[in-house]
Amino acid sequence: MFHIVERTIAGRVAAFIRERFGADAPVSLEQPKQASFGELAIPAAFALARQLRQNPRKIAADFVAAIGPIPGVASLEVAGNGFINVRLDRAALAALMVAGEAPAPPASGGKIIVEHTNINPNKAAHIGHLRNAILGDTFVRMLRASGRRVEVQNYIDNTGVQVADVVAGFVHLENKSAADVAALIASPAVRFDYYCWDLYARVSSYYHDHPEALEWRPQALHAIEHREGEAAAIAALVSDAIVDCHLKTMLRLGVYYDVLPRESEILHLDFWATAFEQLKARQAIYFETEGKNKGCWVMPASAFKDSDDASGDSKVIVRSNHTVTYVGKDIAYQLWKFGLLGKDFHYRPWREYDHHTVYVTTDQPQQTSVSFGAGYQVYNVIDSRQSYLQDVVVAGLRALGYHDQAERSIHFSYEMVALSPRTCVELGIELSEEDRQRPYVEVSGRKGLGVKADDLIDKLIDKALEEVVSRHPEAPPEECRRVAGQIAVGALRYFMLKYTRNSIIAFDLQEALSFEGETGPYVQYAAVRARNIFRKLEERGGTLPDFAALLDKAALERQLADEDLWQFLLAASKSGSAVERALASGEPAHAARYAFQLAQAFSNFYHGYPVLAEENPERRAFLLWLTACFRSQLERTLDVLGIAAPEYM
RNA sequence: GCGCCCGUAGCUCAGCCGGAUAGAGCGAUUGACUUCGAAUCAAUAGGCCGGGGGUUCGAGUCCCUCCGGGCGCGCCA
């Protein structure tokens with residue numbers, strides 16, 4: 001509700017600046033440092049001062065004198081050396097809220113594609129993947145909450161080196177046939193993704209000890225690419241089974257996808273050939289005739305680097321053996337995402353969730369009429385280590401003349417998840433003396449180490465279950481387990497979200513398992529307590545008062561004269577504003593922080609104002625109504641973060 | 001060597017386009033359960049915002065430089 005008022009004020013101020021000063025300054029509203037300064041501050045006078053070469057304080061004074069009344073605003077005051085502080089009409093804002101939140105507008109605007117997760121389908125997911133998926137999924141939820149149309153893609157590299165290595169392991173180290181692997185997948189006694197996790201580690205160390213074995217890799221890759229023989233059959237079995245494992249893991253966290261575009265279809269539908277023709281025709285790449293890249297098609301360094309010196313290394317797109325690099329395929333894929341390739345996949349349903357179907361690409365024409373891609377804007381959630389390659393992809397678009405699309409290709413980058421030294425020790429990872437001194441240890445490069453996503457979730461659930469059972473010994477076990485699951489997911493999602501994207505997370509088991517302080521469970525607990533007040537009311541045979549009848553403008557005016565109550569209401573009105581801010585800054589962490597602040601405000605309110613014990617009827621109605629506001633905003637914000645509000649805790 | 005990121009309280013981090021007295025959580029110390037459940041709340045201590053220069057009415061935020069740390073820079077993906 002608050003952001004609607006915010007928007008009204010910003011619009012009115014911008015219009016006023018236009019007509020009076022003839023300037024088109026963008027109007028931003030800030031939150032004043034202190035609550036006593038009012039609810040909003042307009043710093044516009046500073047920008048105008050520079051333009052008009054006048055004292056900002058004087059401009060602010062003129063401004064306040066001339067602007068006239070603004071709906072929802074009680075007063076404007078000049079403060080500091082040129083701030084204009086806004087005091088809202090408390091009862092007016094509250095009356096809007098009593099009348100009810102305006103219905104969410106239908107999804108509008110161009111389709112936004114968010115690609116995330118993108119795990120190699122050759123082994124179980126680990127904590128680094130969790131950060132990717134949680135970040136991507138939360139961003140998707142934020143976009144949808146603000147009325148954007150979104151399509152979620154999870155790219156599957158089912159023909160790459162990592163799959164090939166596991167295939168080589170099955171063939172050469174384990175002498176398994178496709179039928180053996182199929183039996184392994186079907187066996188209830190085997191966790192296939194964990195099995196492959198270990199096998200992949202074994203293959204890697206075997207390569208290390210027997211370098212000659214490395215030739216297995218190109219053999220497997222060739223077989224997979226041409227769909228020949230046992231190796232190709234095993235590769236298909238492995239990647240399909242592992243994709244199912246990944247989707248199941250992500251489902252535990254409430255992460256869903258719309259479509260799984262696969263590398264195999266990019267190959268077999270000749271996406272690259274089409275992109276290659278475009279790149280050659282527009283001279284975005286050229287055939288190198290000399291130097292170390294002789295015989296390759298390359299993109300000049302000047303296309304993707306700022307420096308104008310041509311000395312930088314150009315990027316090979318097509319190798320001298322005529323095969324295309326990863327970046328080349330990625331350019332083709334990015335073109336498809338914008339509907340610029342002039343080609344499309346075919347699609348078939350892959351799996352069915354609650355009431356949601358995930359589609360997968362196929363090279364065979366289908367009956368279904370679904371379509372994907374052709375987005376207006378594209379977010380690629382990929383860790384920051386790949387920013388160089390992402391730059392090359394965007395440069396490819398630009399070199400083809402697609403400047404707008406290049407602008408709307410956003411590398412939604414984030415830093416890695418490392419482990420804290422003590423967590424390494426706990427997991428039995430040997431550390432050098434140097435590592436022990438570091439704040440964190442990067443571990444994902446060390447094959448077979450690291451923390452599996454499902455293990456972590458299980459550990460969190462066990463811990464939460466202990467706490468739930470100790471508090472509710474009488475509750476049925478399955479119910480406790482469900483609540484524990486919600487708490488575990490809340491803890492994990494919040495932990496991954498509370499850091500801004502380019503902060504390295506030093507993952508610490510103890511810290512992640514802690515349910516106190518700035519955590520998901522803290523926010524969940526606030527939501528539970530808000531709900532409990534209404535449950536208690538019902539248990540005592542009370543009924544919900546008619547808020548609209550009891551809380552007229554005069555009543556709201558009386559109640560909101562209490563500064564603390566006004567601050568509480570204000571906090572509870574800002575969820576829309578917080579999501580918009582998080583979206584604008586591209587930081588889901590900002591939404592997470594708001595959730596925490598809201599929960600803090602409620603806990604504070606909870607202690608200071610016994611709602612049900614209140615005897616004055618108007619006051620009691622108001623406190624109940626405020627509780628309802630807190631409750632709906634807490635639940636709404638948790639939902640945007642992908643965190644459930646449990647029945648009890 | 002080149003490019004990108006980071007350096008803020010003992011620890012982990014916020015700090016929105018440059019604005020008012022730099023904020024949280026954890027840890028420490030001290031209080032609050034006969035109350036709508038203490039997974040909570042209140043209070044205290046803790047800061048040369050890595051160093052130095054600049055830009056201006058005004059810098060944690062922008063520019064330069066130095067120091068310290070991380071990550072990239074393949075005809076791997």
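Side-chain atoms are counted along with the backbone in the values below, which use heavy atoms only and exclude waters and symmetry mates. In what follows, every chain begins at residue 1, and chains take the letters A, B, ... in the order their sequences are listed.
Among the nucleotides B:A38, B:C36, B:A77, the one closest to any side-chain atom of A:Tyr525 is B:A38. Checking B:G70, B:C41, B:A38 against the side-chain heavy atoms of A:Ser603 singles out B:C41 as nearest. Taking only side-chain atoms of A:Arg529, from C-beta outward, the nucleotide of B:A77, B:C75, B:U40 with the closest atom is B:U40. For A:Tyr606, taking side-chain heavy atoms from C-beta onward, the closest of the listed nucleotides B:A38, B:C76, B:G19 is B:A38. Here the nucleotide nearest the side chain of A:Val161, chosen from B:U40, B:A77, B:G70, is B:A77.
Separating the C1' atom of B:G58 from that of B:A20 is a span of 11 Å, rounded to the nearest Å. Spacing of P atoms, B:C2 relative to B:C66, comes out at 10 Å, to the nearest Å. Spacing between B:C13 and B:G1 at atom C1', rounded to whole Å, works out to 34 Å. B:G31 and B:A45 have their C1' atoms separated by 15 Å, with the value rounded to a whole Å. The P atoms of B:U61 and B:U8 are separated by 14 Å, rounded to the nearest whole Å. Atom name P, nucleotides B:C67 and B:U29: the rounded distance is 42 Å, in whole Å. Nucleotides B:A28 and B:A9 are separated by 13 Å at their C1' atoms, to the nearest Å. For the P atoms, the distance linking B:G60 with B:C49 amounts to 8 Å, nearest Å.
A:Lys329 comes within 4.0 angstrom of nothing in the nucleic acid, heavy atoms only. Using a 4.0 Å heavy-atom distance criterion, A:Arg501 is classed as making no nucleic acid contact. Within the nucleic acid shown, A:Tyr609 comes within 4.0 Å of at least one base atom, counting heavy atoms only. At a threshold of 4.0 angstrom between heavy atoms, the contacts of A:Tyr522 are confined to the sugar-phosphate backbone, with no base atom among them. Counting any heavy atom pair closer than 4.0 Å across all strands shown, A:Pro43 reaches no nucleic acid atom. Using a 4.0 Å heavy-atom distance criterion, A:Tyr326 is classed as a base contact.
Between the P atom of B:U35 and the CZ atom of A:Phe605 lies a distance of 19 Å, rounded to the nearest Å. Between the CZ atom of A:Arg385 and the C1' atom of B:G74 there is a distance of 17 Å, rounded to whole Å. B:A77 atom P lies 13 Å from atom OH of A:Tyr388, rounded to whole Å. One atom, CG of A:Asp391, and another, P of B:C5, lie 11 Å apart when rounded to the nearest Å. Rounded to whole Å, the distance from CZ on A:Phe602 to C1' on B:A38 is 14 Å. Distance A:Glu511 CD to B:G27 P: 10 Å, rounded to the nearest Å. Atoms OH (A:Tyr414) and C1' (B:C71) sit 14 Å apart, rounded to a whole Å. The CD1 atom of A:Ile317 sits 11 Å away from the C1' atom of B:C75 (whole-angstrom rounding).
The shortest side-chain heavy-atom distance between A:Leu612 and A:Arg540 falls under the 4.5 Å cut-off. Inter-residue side-chain proximity for A:Phe515 and A:Tyr525 is flagged as unmet; no heavy-atom pair is nearer than 4.5 Å.
For the pairing with A:Phe568, the ring pair (Phe, Tyr, Trp, His ring centres under 6.0 Å) check across A:Trp625, A:Phe622, A:Phe605, A:Tyr606 returns one residue only, A:Phe605.
For RNA chain B, each stem of at least three Watson-Crick or G-U pairs (distances under 3.5 Å) is given as range with range: B:1-7 with B:67-73, B:10-13 with B:23-26, B:28-32 with B:40-44, B:50-54 with B:62-66.
No side-chain donor from either of A:Glu442 and A:Tyr440 sits under 3.5 Å from a side-chain acceptor of the other. Under the 3.5 Å distance criterion, with hydrogens and angles disregarded, a donor-acceptor pair is assigned to the side chains of A:Lys123 and A:Gln162. There is no side-chain donor-acceptor pair under 3.5 Å between A:Asn154 and A:Thr117. Side-chain contact annotation: A:Ser503 with A:Glu415, donor-acceptor N/O pair under 3.5 Å absent.
Here A:Tyr499 pairs with A:Phe495 under the ring-ring contact (aromatic ring centres under 6.0 Å, His included) rule; sequence neighbours left out. For A:Ala530, the side-chain contact (heavy atoms from CB on, under 4.5 Å) test picks out A:Phe602, A:Thr627, A:Arg631, with sequence neighbours left out. Here A:Lys459 pairs with A:Leu509 under the side-chain contact (heavy atoms from CB on, under 4.5 Å) rule; sequence neighbours left out.
Between A:Arg531 and the phosphate of B:C36, there is no side-chain N or O to OP1/OP2 separation shorter than 4.0 Å. Side-chain nitrogen and oxygen atoms of A:Arg319 include at least one within less than 4.0 Å of the OP1 or OP2 phosphate oxygen of B:C76. Taking 4.0 angstrom as the limit, A:His607 places none of its side-chain polar atoms (N or O) nearer than this to OP1 or OP2 of B:C36.
Surrounding CD of A:Glu615 are at most 12 heavy atoms belonging to other residues, nucleotides or ligands under 6.0 Å away.
Residues A:Ser384 and A:Ile487 both approach RNA chain B. Their nearest nucleotides, taken by heavy-atom distance, put A:Ile487 toward the 5′ side. Each of A:Asn502 and A:Leu612 lies near RNA chain B, and the nucleotide nearest A:Asn502 is the one positioned closer to the 5' end.
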Report the C-alpha distance between A:Glu77 and A:Arg87 in whole Å, list the side-chain angles of each, state the deciding distance to 0.1 Å, and finish with yes or no for salt bridge (charged side-chain N to carboxylate O under 4.0 Å, His left out). CA-CA 8 Å; A:Glu77 301 154 16; A:Arg87 279 178 208 285; 2.7 Å; yes

Reading nucleotides 20-25 of chain B 5' to 3', which nucleotides get B (base under 4.0 Å from a protein heavy atom), which S (sugar-phosphate only), which -? BB--SS

For nucleotides 42-44 of chain B, which of its nitrogen or oxygen atoms have a protein nitrogen or oxygen under 3.5 Å away, and what is each distance?
| from | atom 1 | to | atom 2 | distance (Å) |
| --- | --- | --- | --- | --- |
| B:A42 | OP1 | A:Asn604 | ND2 | 2.9 |

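For A:Phe271 and A:Tyr333, the distance between ring centers is not under 6.0 angstrom.
Using bins of under 30°, 30° to 60° and over 60° for the plane-to-plane angle, the ring pair A:Phe46/A:Phe83 lands in the perpendicular bin.
Between the base of B:C75 and the side chain of A:Ser320 there is a donor-acceptor pair shorter than 3.5 Å.
In this structure, A:Arg501 is positioned above the aromatic face of A:Phe412, its NZ or CZ under 6.0 Å from the six-membered ring centre and within 45° of the axis.
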